[in-house]
Amino acid sequence: MNEENKTKRPLDFIRQIIADDLSSGKHDTIVTRFPPEPNGFLHIGHAKSICLNFGVARENNACCHLRFDDTNPGKESSEYVEAIKNDVHWLGYDWGEHLYYASDYFDKLHDFAVELIKMGKAYVCHLSSEQMREYRGTLTETGKDSPYRNRSVEENLELFSQMKAGELEEGSCALRAKIDMNSPNILLRDPVLYRIMKTHHHRTGDTWCIYPMYDFTHCLSDMLEGITHSLCTLEFENNRPLYDWVLDTLATPCHPRQIEFARLNINFTVTSKRKLLQLVNEGHVSGWDDPRMLTISGLRRRGYTPKSIRSFCEGVGIGKKESWIDMGVLENSIRDDLNVTAPRVFGILDPIKVIITNYPENESEMLEAQNHPQNADMGTRLVPFSRELFIERSDYMENAPKKFFRFTEGREVRLRYAYLVTCNKAIKNSEGEVVELHCTYDPESRGGNAPDGRKVKGTIHWLSAAEAVTAEIRLYDRLFSVEYPDADKEKNFKDFLNPESLQVLSGCKVEPSLLNANPDDRYQFERQGYFCLDSKDNNSEKLVFNRIVTLRDSWAKLAGKG
RNA sequence: UGGGGGAUGGUCUAACGGCAAGACAGCGGACUCUGACUCCGCUUAUCGGGGUUCGAAUCCCUGUCCCCCAGCCA
């Protein structure tokens, strides 16, 4: 499913609700928002939410706000803010003028809290967090009222202002909503609204020493911005009654509707900021943008295109059932994109020398190759051919089965766009390792076609040894070796890291034209996969390529069956 | 054991009381100067049990299983 023909797809349940709200006249226009906490980098799961919120807005000619939910200063930083903005833009979305921060609303939020106190709907509680837990009850037992629950409005006002003034110690007390300690929904058992945190905030500095909690902040921020549909993940379903309670109790002029959808899960990886942070901090990966990480920045560095991520998110759909998407579906989305856009070149991961014994020494010629076999508009290029070549080591096999359409002694193979070549002899070193292939070519087959029309099944890529350029190529595999790394209650997810997730190949050979590659270029190395320059480690001294994804390989599948 | 959600092929998604459809995966085949791409074919599903109905994935009852909630995190 690509972005162009999405009109065929039925509306998901959220888009349906929005369409209904528009047609019923409940709303003239809609407003959505993407509300990340700046405490880490965005990952593929966030991409789903971004595509939903910004996508729905775009489809309805409406706005989607970017709002940083920065109410817990100890964990947040402006470094994350910048990374997140960059990632959202890169994905292809624009919030225009609508960049907000929950911290923009601290004054208003404070005033709302005061209002709640005046209504007798909030109180300052001096229970310690341990005591509060005890008073809260359990899943099966109701809670009991805090002894501070019935303080007078005046006393609460005074205490809250002392909290705000920094006159009270962290943890000594908190502002709580007065709802219902007997509610079967634990979130409604007098939830904390404000806590004391004498922590520097990346935007408000030391202005505040009390910070509002998520449940108090989020609904009011949505309301202040005139959000119509507040889309979030399933685990917030229990929070919805609280979201509604705050807005209802304060009788706000508008009341956004919170709708929950299932978060994205992908197998063989983890999508949790907390866990990704651990991988980064403990050095299991090189950083948030390690190409093995399914962070937006990791995917970008790996070579994924924004379009492929968007079409992936579109393909997984929006529902309420928790689901696990196969990693292969993500890989497919980038293959689909690059298959039509990436120019083809030759690159050899594990080179082995080939001598064309009947080709004149000290001579070479230029042969024409297509940049894209299905798209002539992408033009052609000239590649040098000579007596000494490199081919892929895996394109030779000593005792090859009949179905192996590549080199083995006595077998003829086509060098793509060049000549038909027969392998005569494999030269081995003292360890018995093949170091060189001696072959002869058919001079009549220039370009790759036999004048007598004989069929040659195998076609392989090659490079002229003298002109080939040396490069480092990094091959990536899934970061975890099990399908559900955090499913095991006994073991830590890090126990399942795949030790072979990164393979660095040096001495690889690529076409000289790749010396002019740009950081944003993506290529198909024919018969190998899609590759791009590594945005961090590539430099004028050393060519460094990342393998974005392999090509499908039905031979590997066949061979694997043995 | 309280409350809130969820259950359709191996995996996702659709069908809105009227032929269970599509994608990915898998299998088989065609094509091929990439064992790629493309194309064709095939296998595989309504959680169980009742009920309403001419007709139920859909409505009702009931059971089972899975997820979320007991942070001064979001």
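Sequence lines set the chain letters: A, B, ... in the order given, protein chains first and strands last, and positions in each chain run from 1.
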(message) So which atom in A:Gln258 and which in A:Phe236 form the shortest heavy-atom distance, rounded to 0.1 Å?
(response) NE2-O, 3.1 Å

(message) Would you say A:Lys557 places a side-chain N or O within less than 4.0 Å of OP1 or OP2 belonging to B:rG26?
(response) yes

(request) Tell me which nucleotide among B:rG4, B:rG35, B:rG2 gets nearest to the side chain of A:Arg527. (result) B:rG35

(request) Check A:Phe346, A:Phe545, A:Phe525 against A:Phe531 for a ring-ring contact (aromatic ring centres under 6.0 Å, His included) and give me the one that passes. (result) A:Phe525

(message) Need the pair for B:rG71. Rule: Watson-Crick or G-U wobble, both distances under 3.5 Å, any strand; none if unpaired.
(response) none

(request) With salt bridge (Lys or Arg N to Asp or Glu O under 4.0 Å) as the test, would you mind laying out the steps for A:Asp477 and A:Arg547 before giving the verdict? (result) CA-CA 10 Å; A:Asp477 196 358; A:Arg547 183 173 68 194; over 6 Å; no

(request) Report yes if the distance between the aromatic ring centroids of A:Phe112 and A:Phe216 is under 6.0 Å, otherwise no. (result) no

(message) With a 6.0 Å cut-off on the ring centroids, do A:Phe407 and A:Tyr396 count as close?
(response) no

(request) Taking only the side-chain heavy atoms of A:Ser554 (C-beta and beyond), determine which of B:rG4, B:rU34, B:rA36 contains the nearest atom. (result) B:rA36

(request) Looking at every strand, decide which applies to A:Glu141 at a 4.0 Å heavy-atom threshold: base, sugar-phosphate, or nothing. (result) nothing

(request) Tell me whether B:rG55 sits syn or anti, counting syn as a glycosidic angle within 90° of 0. (result) anti

(message) It should be established whether A:Arg240 places a side-chain nitrogen or oxygen under 4.0 Å from OP1 or OP2 of nucleotide B:rG4.
(response) no

Detail all sub-3.5 Å separations between protein N/O atoms and N/O atoms belonging to nucleotides 71-74 of chain B.
residue, atom, partner, partner atom, Å
B:rG71, OP2, A:Arg136, NH2, 3.2
B:rC72, OP2, A:Arg136, NH1, 3.1
B:rC72, N4, A:Leu127, O, 3.0
B:rC72, N4, A:Gly171, O, 3.1
B:rC73, OP2, A:Arg195, NE, 3.0
B:rC73, OP2, A:Arg195, NH2, 2.9
B:rC73, O3', A:Arg195, NH2, 3.2
B:rC73, O2', A:Asn72, ND2, 2.8
B:rA74, OP1, A:Thr71, OG1, 2.6
B:rA74, OP1, A:Arg195, NH2, 3.0
B:rA74, OP2, A:Tyr214, N, 3.0
B:rA74, O3', A:Asp69, OD2, 3.3

(message) Quick check for you: among B:rG3, B:rU13, B:rG35, whose closest atom lies nearest to any side-chain atom of A:Leu558?
(response) B:rG35

(request) Quick one: do A:Arg446 and A:Glu365 satisfy salt bridge (Lys or Arg N to Asp or Glu O under 4.0 Å)? Show the steps, please. (result) CA-CA 11 Å; A:Arg446 190 174 197 270; A:Glu365 62 189 302; 2.6 Å; yes

(request) For B:rA14 versus B:rA23, give the span between their C1' atoms, rounded off to a whole number of Å. (result) 11 Å

(request) Measure from the side-chain heavy atoms of A:Trp324 and tell me the nearest of B:rU34, B:rG26, B:rC12. (result) B:rC12

(request) Verify whether the ring centers belonging to A:Phe68 and A:Tyr101 lie closer than 6.0 Å. (result) yes

(message) Please confirm whether the ring centroid of A:Tyr194 lies under 6.0 Å from the ring centroid of A:Phe160.
(response) yes

(request) Sticking with atom P, work out how far B:rC60 lies from B:rA7, rounded to a whole angstrom. (result) 14 Å

(message) Strictly below 4.0 Å: does A:Lys457 bring a side-chain N or O up to OP1 or OP2 of B:rU32?
(response) no

(message) Could you identify the nucleotide paired to B:rC65, looking across every strand shown and requiring Watson-Crick or G-U wobble geometry with both distances under 3.5 Å?
(response) B:rG6

(request) Could you let me know what B:rA21 is paired to, Watson-Crick or G-U wobble, both distances under 3.5 Å, or none if it's on its own? (result) B:rU13

(request) Could you tell me whether A:Ile325 contacts a base, only the sugar-phosphate backbone, or nothing, with contacts defined as non-hydrogen atoms closer than 4.0 Å? (result) sugar-phosphate

(request) Among the candidates B:rU34, B:rG2, B:rG6, find the nucleotide nearest to the side-chain atoms of A:Lys320. (result) B:rG6

(request) Could you tell me whether A:Lys273 contacts a base, only the sugar-phosphate backbone, or nothing, with contacts defined as non-hydrogen atoms closer than 4.0 Å? (result) nothing

(request) Give none if B:rG26 has no partner; otherwise give the nucleotide forming a Watson-Crick or G-U wobble pair with it, both distances under 3.5 Å. (result) B:rC42

(request) Give the rounded distance in Å between these two atoms: OH of A:Tyr417 and C1' of B:rA36. (result) 12 Å

(request) Answer yes if the ring centres of A:Phe405 and A:Trp555 are under 6.0 angstrom apart, and no otherwise. (result) no

(message) Considering every strand and a 4.0 Å limit on heavy-atom distances, what is the contact class for A:Asn449: base, sugar-phosphate, or nothing?
(response) base

(request) Write down the distance between CG (A:Asn238) and P (B:rG2), rounded to a whole number of angstrom. (result) 15 Å

(request) Looking at every strand, decide which applies to A:Arg335 at a 4.0 Å heavy-atom threshold: base, sugar-phosphate, or nothing. (result) nothing

(message) Go nucleotide by nucleotide along RNA chain B from the 5' end; which of A:Tyr484 and A:Leu234 gets its closest nucleotide reached first?
(response) A:Leu234

(request) Grab the CZ-P distance between A:Phe346 and B:rA36 for me, whole Å please. (result) 16 Å

(message) By the 4.0 Å heavy-atom rule, please label A:Thr138 as base, sugar-phosphate, or nothing.
(response) base

(request) May I have the distance from A:Ile14 (atom CD1) to B:rA14 (atom P), rounded to whole angstrom? (result) 11 Å

(request) Can you tell me the distance, in whole Å, between the CH2 atom of A:Trp245 and the C1' atom of B:rG4? (result) 20 Å

(request) Could you tell me whether A:Tyr211 and A:Phe106 have their ring centroids closer than 6.0 angstrom? (result) yes

(message) Classify A:Arg344 by what it touches in the nucleic acid, base, sugar-phosphate, or nothing, heavy-atom distance under 4.0 Å.
(response) base

(message) Rounding to an integer number of angstrom, what distance separates B:rA36 and B:rA25 when you compare their P atoms?
(response) 12 Å

(request) Starting from C1' on B:rA36, measure out to CG on A:Asn375 and report it in whole angstrom. (result) 16 Å

(request) Using a 4.0 Å heavy-atom cut-off across all strands, classify A:Phe216 as base, sugar-phosphate, or nothing. (result) nothing

